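Below: one structure, written as structure tokens.
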Amino acid sequence: MRIVIAEDSALFRQGLSNLLEDAGHEVVAAVGNAAAALARTRALEPDVLVCDVRMPPDLTDDGARAAVLLRGEFPRMGIVLLSQHMETTHTARLVPGGYFAYLLKDRVLDVNEFLETLRRVRQGATALDPEMVVELIGAARTNRRVEALTAREREVLALMAEGRTNLGIAQRLWLTERTVETHVGNILAKLELPVAPQDHRRVMAVVTYLQTQGSN
């Protein structure tokens with residue numbers, strides 16, 4: 001996998017480069033600001049961009065804004081945003097297209113899980129950090145549609161947001177796959193999502209949380 005890293009901390013950037021190269025991936029560029037991330041990604045067209053949300057020049061959401069621009073140019077390039085805090089404004093725009101993950105930086109320490117997330121993102125999946133999902137679910141309970149979800153349905157939705165399949169959710173929650181299918185159907189119905197292929201509706205369910213959080 002060919003990867004561009006955009007991270008302003010030189011120490012973290014080097015550590016991430018070493019981790020990925022040790023796992024057999026090719027880090028084609030490692031840069032420290034959003035402008036360089038845009039330039040190198042456009043020039044090299046990597047399989048995946050791993051990008052910090054907060055980078056120079058503004059040290060606000062420069063990385064996330066760069067990711068949104070690049071998504072429009074490279075819709076099938078994997079994008080993994082890393083952050084020490086939640087940013088939902090731009091994240092909500094990136095989730096629907098797939099090929100996307102949002103992880104808290106501490107998640108990189110679980111090397112096997114991080115590498116598995118990269119693999120799934122490269123294949124078109126969407127994955128959100130579990131801690132982020134928990135916070136979004138708590139914040140979203142003021143939404144009428146969200147209030148209709150049971151505690152178990154919220155657990156299932158949290159795992160959907162991590163990019164888990166019905167089988168993966170069943171194994172995590174010690175449920176049958178048929179039971180998970182029922183919960184997913186109830187979630188989609190309660191969130192009043194428009195008719196669409198189920199995979200797309202699963203992503204829209206996650207976006208519902210993100211948009212609710214962004215409006216609070």
Side-chain angles (χ1 to χ4, degrees), residues 1-95 97-136 161-163 206 210:
M1 198 181 301
R2 299 173 65 254
I3 299 172
V4 167
I5 297 172
E7 162 62 51
D8 64 316
S9 167
L11 185 62
F12 189 83
R13 185 169 67 245
Q14 186 60 54
L16 190 55
S17 295
N18 293 343
L19 183 158
L20 292 170
E21 289 174 344
D22 288 346
H25 301 299
E26 180 185 3
V27 177
V28 295
V31 300
N33 61 71
L38 286 168
R40 299 307 289 156
T41 300
R42 286 166 171 159
L44 298 169
E45 299 188 19
D47 299 314
V48 176
L49 167 67
V50 179
C51 185
D52 191 3
V53 168
R54 181 174 292 182
M55 288 196 302
D58 297 335
L59 289 174
T60 54
D61 58 358
D62 303 69
R65 286 187 279 119
V68 170
L69 288 174
L70 291 168
R71 167 57 75 234
E73 299 171 31
F74 306 103
R76 293 186 179 275
M77 178 184 69
I79 294 176
V80 178
L81 287 183
L82 299 177
S83 184
Q84 293 178 328
H85 67 286
M86 289 205 312
E87 190 287 325
T88 59
T89 301
H90 300 293
T91 304
R93 298 172 61 185
L94 291 165
V95 169
Y99 298 91
F100 176 70
Y102 190 113
L103 302 176
L104 297 180
K105 283 189 174 180
D106 289 346
R107 201 64 59 186
V108 177
L109 298 177
D110 187 340
V111 175
N112 290 334
E113 183 66 24
F114 176 64
L115 294 174
E116 173 62 16
T117 298
L118 283 181
R119 184 191 66 80
R120 288 193 284 130
V121 166
R122 177 65 186 121
Q123 293 177 346
T126 297
L128 300 179
D129 193 282
E131 291 184 23
M132 180 183 186
V133 175
V134 168
E135 186 166 342
L136 288 171
E162 291 179 39
V206 177
L210 290 167

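The first residue in the sequence is number 1, and the count goes up from there. Just so it is clear, the structure is predicted and the values come from calculations on it, not from any experiment.
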Given side chains that start at C-beta, do those of [X] and [Y] come closer than 4.5 Å, heavy atoms only?
X: M77; Y: V4; value: no
X: I3; Y: P46; value: no
X: F12; Y: L82; value: yes

Spatial distance of atom [atom1] ([X]) from atom [atom2] ([Y]) [nearest 0.5 Å]:
X: F100; Y: L49; atom1: CZ; atom2: CG; answer: 10.5 Å
X: L70; Y: T41; atom1: CG; atom2: OG1; answer: 5.0 Å
X: R54; Y: T60; atom1: CZ; atom2: OG1; answer: 7.5 Å
X: I5; Y: R13; atom1: CD1; atom2: CZ; answer: 9.0 Å
X: Y102; Y: L94; atom1: OH; atom2: CG; answer: 10.5 Å
X: L118; Y: L20; atom1: CG; atom2: CG; answer: 6.0 Å

For residues 16-33, the side-chain hydrogen bond (donor to acceptor under 3.5 Å, both in side chains) pairs (sequence neighbours left out) are Q14-N18

The complete set of side-chain hydrogen bond (donor to acceptor under 3.5 Å, both in side chains) pairs with one or both residues in residues 69-81, sequence neighbours excluded, reads R42-E73, R76-Y99

Closest heavy-atom pair, M55 versus D62, reported as atoms and distance to 0.1 Å, is O-OD1, 2.9 Å

Residues pairing under salt bridge (Lys or Arg N to Asp or Glu O under 4.0 Å) where one sits in residues 102-112, two or more places apart or in two chains, turn out to be E7-K105, D52-K105, R107-D129, R107-E131

Report task. State whether the number of non-hydrogen atoms from other residues, nucleotides or ligands found under 6.0 Å of L11 atom CG is greater than 12. Result -> no

